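Data first, discussion second: the structure below is written as structure tokens.
FYI, side chains are in, hydrogens and waters are out, and symmetry mates aren't considered; it's all heavy atoms of this structure. Here is how names work: the chains are called A, B, and so on, in the same order as the sequence lines, proteins then strands, and each is numbered from 1. All figures in this text were calculated on a predicted structure; none of them were measured in a lab.
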Protein chains: 2
Amino acid sequence: MNDRKQHVIKMAHQLFIERGFQSTSIQDILEFSGISKGTFYNYFSSKNELLIALFKALYESMERKRDELLIGQDPSDLTIFKKQIEFQMNTNKKNKLITLFEEVFVSNDEDLKHFLREGQKRMLRWVYNRFLELFGEEKQPYLLDGAIMFLGILHHNVKYYSIANGASADIYPVVEYSVDRMVTIVEDASIANQQLNKPEQMDDWFPEGNQLFHSNLVSTIRLLKANLSESNNEAIERLDFVKDELLHSKKSRKFLIESVLCSLRDDPKLDQTTVNQLDELISNYFK
Amino acid sequence: MNDRKQHVIKMAHQLFIERGFQSTSIQDILEFSGISKGTFYNYFSSKNELLIALFKALYESMERKRDELLIGQDPSDLTIFKKQIEFQMNTNKKNKLITLFEEVFVSNDEDLKHFLREGQKRMLRWVYNRFLELFGEEKQPYLLDGAIMFLGILHHNVKYYSIANGASADIYPVVEYSVDRMVTIVEDASIANQQLNKPEQMDDWFPEGNQLFHSNLVSTIRLLKANLSESNNEAIERLDFVKDELLHSKKSRKFLIESVLCSLRDDPKLDQTTVNQLDELISNYFK
DNA sequence: TTACCTTTATACTGCCGGTATAAACCTGAT
DNA sequence: ATCAGGTTTATACCGGCAGTATAAAGGTAA
């Protein structure tokens, strides 16, 4: 992505943190980042698009770093999980993510709403999958409920703890407390054999096969990008577009993706066997 | 309150439910309720003021009915508590209270934000006080945490249950499930002797003495109003104003309240010994 | 009839997000 | 050096928004 575009996102983020999304006008962003209106609408098709770009960047980095914390560690170790949660809560706080989120979650822009809902669902799924590792498969029936309740507990605890102890208070005790409570809740629900949402519900939210497709796509594209020098901007942009359109957009535009794949096949800089893998992966996805 | 004003609130509420607060323009409200702009701004000083009036009416009725459910019942009976929660969740759903709430909670209007925060705090306090009755004084140190977590669990469970089972699904199982989990959580926190927020924190949010003042004020004003016929609109409005200004406004305007008290003292229709009580109550409050 | 309040209709202000456009600027190929 | 194609800028413009201003009309009670 363009350096200058990145700079605009950064400046806008700063303004959003200072005064919120709604009360930052496009004019403010133009003046603060020193670009003209024309350039702005050349980069982003609307103010909401800019916000989506910002969220996307923040999410991507947060999820990557959070997952890196687990590398080489025991996935059933509660303390690692606590560290992952702590990291995410601190990132949220630093970037005023929750506030921004709340501010625009109820909005008229369907695209924006869809994007935010996807983010929430991704977080829920991540917690659920981690719970599977932490509590074991035998607790599986109670873990979707657990993940839902955990996020509720966590956010409420963080919110009121911050009110009571100031926004700069260390968040770790809250995470520790919330996770500790969670252990008992899962145990309790499993003993009482009470279930509110069946984990199969998740297949509804994340159509089956998609998870596999997701990881395959990401790794194939990463492979292709790895063999490219920085100068192959076009190819990189094309690959990013395909990833984005398939994973983040409400409805992937098949014709667009196919066109892009076509030009990828014609690119001598790319490893064509990997391109073929990508091609096959995507055509399987569409049928 | 004026019948016509009430009607405007009702019509606006309908529009807000249908299309949300932000995307309902004042022009829409004018057309839908058949009044002119001048009249609107005669009733409400802004669109946000109208929303506050709407919330106030809804809260007042909801809290009253919820408290009535407890009259003559055993306050330590869990099933009554579940019914109270169910009632509130259903009212929320019917009036799209949560959606409206989220939509405006992050807003630039300090008055509106303050009002909403007060509402949340009142709810938290109510749950805490009910938990004291339900779980007993010996669990007191863990009950503020409990109330905070309960609201988090409840809202998240309701939200995802509604997503999974449709908005029209019966909410009672969710309430039952959430309360059942709560019992264990309180037990667990008390055994582990873990505490995140001390209940004394609540004195900070609700300055001590205020609770007593609150109930005294409400009952004294109710007493005064009981002896008035419907025709004494002025006196009723004055009493309502005093109540509102003292309980709901960010900073009570002492000079205004004293002026109103002055006219109340001059009103032959009012029982002057009760007025004196009111007077004393309020002057004690201010020093 | 008079006096006073409420309501109406309508025009206006200033700000917003977003569009349109012509001129200026840059950059790389010939 | 010149030229073409793109990006960027400055600026004017649009329609819609919340909120203000005001003059006329309507209602009501003394």
Side-chain angles (χ1 to χ4, degrees), chain A residues 1-13 15-16 18-54 100 103-104 106-113 230-234 237-238, chain B residues 1-13 15-16 18-54 100 103-104 106-113 115 231-234 237-238:
Chain A
M1 194 186 311
N2 191 336
D3 268 4
R4 206 174 153 128
K5 187 171 169 181
Q6 212 89 43
H7 176 251
V8 175
I9 295 178
K10 201 172 141 191
M11 294 295 102
H13 187 193
L15 289 178
F16 293 165
E18 280 167 19
R19 47 179 114 159
F21 177 73
Q22 311 270 21
S23 44
T24 301
S25 73
I26 288 186
Q27 198 53 46
D28 294 335
I29 299 171
L30 302 184
E31 282 159 21
F32 195 60
S33 53
I35 59 161
S36 75
K37 208 161 196 176
T39 309
F40 181 93
Y41 280 99
N42 187 20
Y43 291 155
F44 314 100
S45 64
S46 69
K47 199 181 159 192
N48 282 345
E49 275 288 326
L50 159 64
L51 187 66
I52 289 184
L54 170 60
L100 276 178
E103 190 171 357
V104 292
V106 184
S107 120
N108 309 312
D109 184 329
E110 262 321 305
D111 284 355
L112 180 54
K113 259 163 86 169
E230 295 224 345
S231 56
N232 296 105
N233 254 328
E234 270 205 325
E237 277 183 88
R238 286 208 178 93
Chain B
M1 194 186 308
N2 192 334
D3 267 4
R4 203 171 160 140
K5 187 171 170 183
Q6 212 90 43
H7 177 251
V8 176
I9 295 179
K10 201 172 142 192
M11 294 295 102
H13 186 193
L15 290 178
F16 293 164
E18 280 166 20
R19 46 180 113 158
F21 178 73
Q22 312 269 20
S23 43
T24 300
S25 74
I26 287 186
Q27 196 54 45
D28 294 334
I29 299 171
L30 302 185
E31 282 158 21
F32 195 60
S33 53
I35 58 161
S36 75
K37 207 161 198 174
T39 307
F40 181 93
Y41 281 99
N42 186 20
Y43 291 156
F44 314 100
S45 64
S46 71
K47 200 181 159 192
N48 282 345
E49 275 289 326
L50 159 64
L51 187 67
I52 290 184
L54 170 59
L100 276 178
E103 190 170 356
V104 292
V106 184
S107 120
N108 310 312
D109 184 329
E110 262 322 305
D111 284 354
L112 181 53
K113 260 162 85 170
F115 176 77
S231 56
N232 296 104
N233 255 325
E234 270 205 324
E237 278 183 86
R238 286 208 179 93

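To the nearest angstrom, P of dT20(D) lies 15 Å from NZ of K47(B). One can place CD of Q22(B) at 12 Å from C1' of dA18(D), the figure rounded to the nearest angstrom. Between the CD atom of E49(A) and the P atom of dG18(C) there is a distance of 10 Å, given to the nearest Å. Between R4(A) atom CZ and dT7(D) atom C1' there is a gap of 9 Å when expressed in whole angstrom units. Regarding L50(A), its CG atom lies at a distance of 11 Å from the P atom of dG17(C), rounded to whole Å. In this structure, CG of D3(B) is placed 15 Å from C1' of dT6(C), rounded to the nearest angstrom.
Side-chain contact between I29(B) and L50(B) is present, with heavy atoms from C-beta onward closer than 4.5 Å. T24(B) has its side chain out of reach of F32(B): every pair of non-hydrogen atoms, C-beta onward, lies at least 4.5 Å apart. Looking at heavy atoms from C-beta onward, D111(A) lies out of side-chain contact with N48(A) at the 4.5 angstrom threshold. A heavy-atom distance below 4.5 Å is not found between the side chains of Y43(A) and I9(A).
Contacts with DNA chain C (heavy atom under 4.0 Å) in residues 27-43 of chain A: K37(A), Y41(A), listed by number.
Using a distance-only test at 3.5 Å, with no hydrogens or angles considered, a donor-acceptor pair links the side chain of K47(A) to the main chain of F21(A).
Listed by chain and number, the residues in a salt bridge (Lys or Arg N to Asp or Glu O under 4.0 Å) with D28(B) are R19(B) (sequence neighbours excluded).
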Atom pairs, N/O to N/O, protein against nucleotides 23-27 of chain C, distance under 3.5 Å?
none

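Annotation for G34(A) and R4(A): closest pair O-NH2, 4.1 Å, computed over non-hydrogen atoms.
One finds the CG atom of D109(A) at 6.0 Å from the CD1 atom of I52(A) (value rounded to the nearest 0.5 Å).
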